[in-house]
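This structure is a prediction, so every number in the text was calculated from the model and none was measured. Naming convention: chains lettered A, B, ... in sequence-line order (proteins, then strands); numbering from 1 in each chain.
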2 protein chains.
Amino acid sequence: MTAQRKVIRDVIWGSDGHLTSEQIYFLAKEKMPSISLGTVYRNLSLMSDEKEITRISIPGSPDHFDKNTVPHQHICCAKCGRLEDVELPGLGDLIKNAVSADVISYSLSIKYLCPDCAAKARTESGSDRP
Amino acid sequence: MTAQRKVIRDVIWGSDGHLTSEQIYFLAKEKMPSISLGTVYRNLSLMSDEKEITRISIPGSPDHFDKNTVPHQHICCAKCGRLEDVELPGLGDLIKNAVSADVISYSLSIKYLCPDCAAKARTESGSDRP
DNA sequence: AATAATAATAGGAATTATTACTAAAAGGAG
DNA sequence: CTCCTTTTAGTAATAATTCCTATTATTATT
């Protein structure tokens, strides 16, 4: 465990989760200004491989990293991009039943309009002057 | 419907599905050598928006495009990258029940070892000389 | 059919996210 | 402390995709 890796780890543990590599890089830089982007990427990949953190892949946006390693999925607002956790009990079984071969991993991403953006969209389309 | 768009459409319809933008570009170029990559990308995005085709996003590999617009999911071999369709009846309901807000779209991608690659892995690890 | 207005294209530059490379620094075993 | 391995910082390179612009095609209008 190098000092750099500890800083990265602390940034992720000190957050609410769902940070991008870039966000982690800038937060880590506050604690250790000499840290380099390559180091952040390499450590994030290593930590994902070791299942210390989870890599979240969302189509059309950069990868996010989650301190929560308990299986769960994510919903992503189509407008603002904000991520929220969502539990889908039964998804694992559903997949196991449908796929005969051994599953290595799976990832589900759901696009929706978050309450904030949905409210904004309503007022905009509802008002007289668009 | 421009000539270019028709060529792109024909390439996709003439395939088994699951082509990348690059593959579509090169196949389209055979029928229309002047076609440009930007045109292919733009038309694929338009056609996806109009739901004439489906964009398949797989973490770690370029987008693929599918002529099959009936809801279904994909399994991707972790070794060779080959894509196969998989039906997951009940997934839509599972998501609807878990997410209170309106869902715009969702996509599931499953990583596994395809039969061919699994066989290769077995003979390699099983033999005396690795 | 000629002309004007609009939309789409080809070709290339630019962007984004990420990985690869390399020389220097750090860390550990003996 | 010295040798050996690992990791780092910094930079260059890559991959996929988007953006830009002058040109070309298409459509509408007269």
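- A distance below 6.0 Å separates the ring centres of His18(B) and His74(B).
- Regarding Leu44(A), its CG atom lies at a distance of 10 Å from the P atom of dT18(C), rounded to whole Å.
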Short heteroatom pairs, N/O only, protein and nucleotides 16-20 of chain D, under 3.5 Å:
{"from": "dT17(D)", "atom 1": "OP1", "to": "Asp63(B)", "atom 2": "N", "distance (Å)": "3.1"}
{"from": "dT17(D)", "atom 1": "OP2", "to": "Tyr41(B)", "atom 2": "OH", "distance (Å)": "2.9"}

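- Side-chain contact check for Arg82(A) versus Asp116(A): some heavy-atom pair is nearer than 4.5 Å.
- Per the geometry, CE belonging to Met1(A) stands 13 Å off P belonging to dG28(C), to the nearest Å.
- The partner of dT14(D) is dA17(C), by the rule that a Watson-Crick or G-U pair needs both atom distances under 3.5 Å.
- Rounded to a whole Å, the CE atom of Met32(A) is 16 Å from the P atom of dA25(C).
- A salt bridge links Glu52(A) with Arg9(A): the distance from a Lys NZ or Arg NE/NH1/NH2 to an Asp or Glu carboxylate oxygen falls below 4.0 Å.
- For the 3.5 Å distance criterion, the side chains of Ser45(B) and Ser48(B) fail to qualify, holding no donor opposite an acceptor.
- Phosphate contact (OP1/OP2 of dA8(C), side-chain N/O of Thr39(B), threshold under 4.0 Å): absent.
- Here dA7(C) presents its P atom at 13 Å from CG of Leu46(B), a figure rounded to the nearest Å.
- Expressed to the nearest 0.5 Å, how far CD1 of Ile8(B) lies from CZ of Arg42(B) amounts to 8.0 Å.
- Counting heavy-atom neighbours within 6.0 Å of Asn97(B) CG, excluding the residue itself, gives a total above 12.
- Contact annotation: Gln4(B) does not reach the phosphate of dA25(D) (side-chain N/O to OP1 or OP2, under 4.0 Å).
- Residue Arg42(B) has a polar side-chain atom (N or O) positioned under 4.0 Å from OP1 or OP2 of dT9(C).
- Atom CD1 of Ile35(B) and atom P of dG12(C) are 16 Å apart (whole Å).
- Rounded to an integer number of Å, the gap from CD1 of Ile8(B) to P of dA8(C) is 13 Å.
- Within the 4.0 Å cut-off from OP1 or OP2 of dT7(D), not a single side-chain nitrogen or oxygen of Asn43(A) is found.
- The pair Glu50(B)-Arg5(B) meets the salt-bridge criterion, since a charged nitrogen lies less than 4.0 angstrom from a carboxylate oxygen.
- Counting non-hydrogen atoms under 4.0 angstrom, Ser34(B) reaches the backbone sugars and phosphates but no base.
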